[in-house]
Amino acid sequence: MKSKYILASLFCLAAFSCSDDKSFEPAYTVSLEADENMTTNVDASQVFQTIDGFASSDAWDMDFIGKYWSNSNKEGIAKLLFSRNIDSKGRPEGIGLSMWRVNVGGGSSEQGDASGIPDKYERRVECFLNQDGSYNWSKQAGQQYFMQKAKEYGCESFVLFTNTPPVWYTKNGLAFPTKGASSNQDEDKNNLKDEHYEDFAEFLATVTKHFVDQGYNIPLISPINEPQVDWRKTPGADAEQEGCSYTHEKTKILVTALNDKLEEKGLATNILLGEASQWDPLYSYKIGSGYSYVIQNYFDETYNSGKYYLGNLKHVPNILCAHSYHTDKTWSSLKIAREKAYEKAQQFGVELYQTEWSMLSTDYDNYENYDDASYMDLALSMARVLHHDLATANVRSWSYWTSVSQERWSQKSRFYLIRVSADGKDGEDYGDLHNNGVYATCKNLWVLGNYSLFIRPNFQRVALNLPEESEEFFGSAYISPEKNRVVVVYTNLKSESIHIECGIQGLDGKEVVAVNQYTTSNAKDLKQEPDYLVGHIPAKSVVTVVYDLK
């Protein structure tokens, strides 16, 4: 049943001046209808994980944009990603990312067409290391531009990651493995020469130290990416990106070497392990993969006779990460995979990160037909992933992939936060980003901002009690370390609006002194609402309510 309540008086502005001796009166009032009333409750005394940050990645187009695009375009994109400023009219300039993932390349860019990665993908990456062993710190200049802008805007931390060893260290001289004659398939998938594990570790530690010395806070470096994926291509076949597979045995060799190199250089940076392409390998067997039961292998000293145990290394924290691909299409698959990952992680004292997600498929169950789905529908698919990663898997950090990308054909906004179009190209095919172009925001950006702009590092997730959480309406709550702010994020996938009355308990005597709401919907981009709309959750929207306490 619909519940009607008066929200505000709207004023009819006359075309003539009002007399000083006559007060202005509202010409009429309007009421806003909510299809459902709901009472929710935040229990700030029931605390879950601490949030380390929300992130996105600079792979791959950021390097081209940072090198070749106009200063106004580059600055505009940086502002959207990193600014925390909200102007006098309540409009956020950006989404205030608190972490930034930086791709450390393997040198496919310098190889040009010989790299085997077609330039139409724009996924070739430069390498700081030269073949003669010297370093060129002017490489990846576009990526370094955005690192600098992120730091200027106050981005708190940077995570380095790499997809391949430098091509000088690989078996085939390429940034991806090729299918060979090896009878050992796992050996065939791994592209790093046995004699270069220590060299690769030295390279990663040297890059880390360089940027730490430049003033960047780099708490983590990730030396492998999706190690269970078979990145091999038939000789002569094109690859879409840099990549390398690792078994647990090879991972332990590399991580042990990197641990020693970080220690030698006096770095506080730790090693981020996992990066599985989905949650399942962390807790179960992945068919056809030498990369299963990751939690047990790395953090249970008795599992597999401790053969792959890494929990005793100084620079290996009890953190594992995974990507949210492949278990994201339905509400049940989202819930089940993350429940299992969290349960197994808890068993061994491991905390979780989600380090990469974009919309690989089109058949998600929160809309009926992809062709008819709006960009907001796709952003709501992301909102479901965000919710379950945070509230079910209890991740400490959440990252999108990738920050900017071009759109073509029917891709819609599945692969970007910010849409870029090279000059002369829009919607037909990938254009040449070595020239200037244009950019535009999308709903993915603002929905992520519903979290990233307000839930800052060291906030803690606290209990949010709903009358009944469902796949159509859900939420989560967070409290600042100073206990002076509570942030609640609701997602409403229903076709009807909901009016929320929220109670907050467990505040140790503090009271709410101000409330602000920010709405992302088909019609709004993280819009700060007037007071009379606080608590109104529109249909098909993501809403953040910020409670300031005293």
More than 12 heavy atoms from other groups under 6.0 Å of [atom1] on [X]:
X	atom1	result
Q460	CD	yes
D213	CG	yes
K314	NZ	no
K151	NZ	yes

How long is the straight-line distance from [atom2] of [Y] back to [atom1] of [X], given to the nearest 0.5 Å?
X	Y	atom1	atom2	value
L204	L160	CG	CG	8.5 Å
F473	T491	CZ	OG1	8.0 Å
N458	D52	CG	CG	7.0 Å
E469	F474	CD	CZ	7.5 Å
I418	C442	CD1	SG	8.5 Å

With side chains defined as the heavy atoms from C-beta onward, is the minimum distance between [X] and [Y] less than 4.5 Å?
X	Y	result
L334	T327	no
W357	M359	yes
M147	Y216	yes
T544	V546	yes
L273	V316	yes

Practice prompt. Would you please classify the geometry between the Y518 ring and the F454 ring as parallel, tilted or perpendicular, with 30° and 60° separating the classes?
Written response: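 Tilted: the ring planes of F454 and Y518 meet at 30° to 60°.
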Worksheet item: Aromatic rings Y293 and Y303: how do their planes relate, parallel, tilted or perpendicular, breaks at 30° and 60°?
Response: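 Plane angle between 30° and 60°, so tilted.
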Discussion item. Testing the basics here: between C244 and T164, what is the closest heavy-atom pair and its distance to 0.1 Å?
Written reply: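 Closest approach of C244 to T164, heavy atoms only: CB-CA, 4.4 Å.
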Worksheet item: W100 and S57: which non-hydrogen atoms are nearest, and at how many Å?
Response: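 What the structure gives for the nearest pair is CH2-O, 3.7 Å.
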Practice prompt. Please check if any side-chain donor atom of S476 sits under 3.5 Å from a side-chain acceptor atom of Y490, or the reverse.
Written response: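 No donor-acceptor contact under 3.5 Å links the two side chains.
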Worksheet entry | Set of salt bridge (Lys or Arg N to Asp or Glu O under 4.0 Å) partners for K483, sequence neighbours left out |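 Salt bridge (Lys or Arg N to Asp or Glu O under 4.0 Å) list for K483, sorted by chain: empty.
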Fill in: Contacts of type salt bridge (Lys or Arg N to Asp or Glu O under 4.0 Å), residue D377, not counting sequence neighbours
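Checked D377 against salt bridge (Lys or Arg N to Asp or Glu O under 4.0 Å); zero matches.
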Practice prompt. Sort and list the pairs that fulfil salt bridge (Lys or Arg N to Asp or Glu O under 4.0 Å) and have at least one residue in residues 340-362, not counting sequence neighbours.
Written response: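 Matches after skipping sequence neighbours: E351-R396.
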Practice prompt. Would you list the pairs meeting salt bridge (Lys or Arg N to Asp or Glu O under 4.0 Å) in which at least one residue belongs to residues 318-339, sequence neighbours left out?
Written response: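 Of all non-adjacent pairs touching residues 318-339, those that pass salt bridge (Lys or Arg N to Asp or Glu O under 4.0 Å) are K329-D363, K335-E339, R338-D389.
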Discussion item. W401 and ring-ring contact (aromatic ring centres under 6.0 Å, His included): which single residue from W60, Y416, F415, Y325 fits?
Written reply: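 Among W60, Y416, F415, Y325, the one meeting ring-ring contact (aromatic ring centres under 6.0 Å, His included) with W401 is W60.
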Discussion item. Restricting to ring-ring contact (aromatic ring centres under 6.0 Å, His included), what partner residues turn up for H315, sequence neighbours left out?
Written reply: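 H315 satisfies ring-ring contact (aromatic ring centres under 6.0 Å, His included) with no residue once adjacent residues are dropped.
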Practice prompt. Give a yes/no verdict on a cation-pi contact between K74 and Y145, requiring under 6.0 Å between NZ or CZ and the six-membered ring centre and an angle within 45° of the axis.
Written response: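 Satisfied, under 6.0 Å and within 45°.
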Pair up each side-chain donor or acceptor in residues 251-258 with any protein partner under 3.5 Å, not counting sequence neighbours, and list the distances.
{"unit_1": "T251", "atom_1": "OG1", "unit_2": "T247", "atom_2": "O", "d": "2.8"}
{"unit_1": "K252", "atom_1": "NZ", "unit_2": "K307", "atom_2": "O", "d": "3.0"}
{"unit_1": "T256", "atom_1": "OG1", "unit_2": "K252", "atom_2": "O", "d": "2.7"}

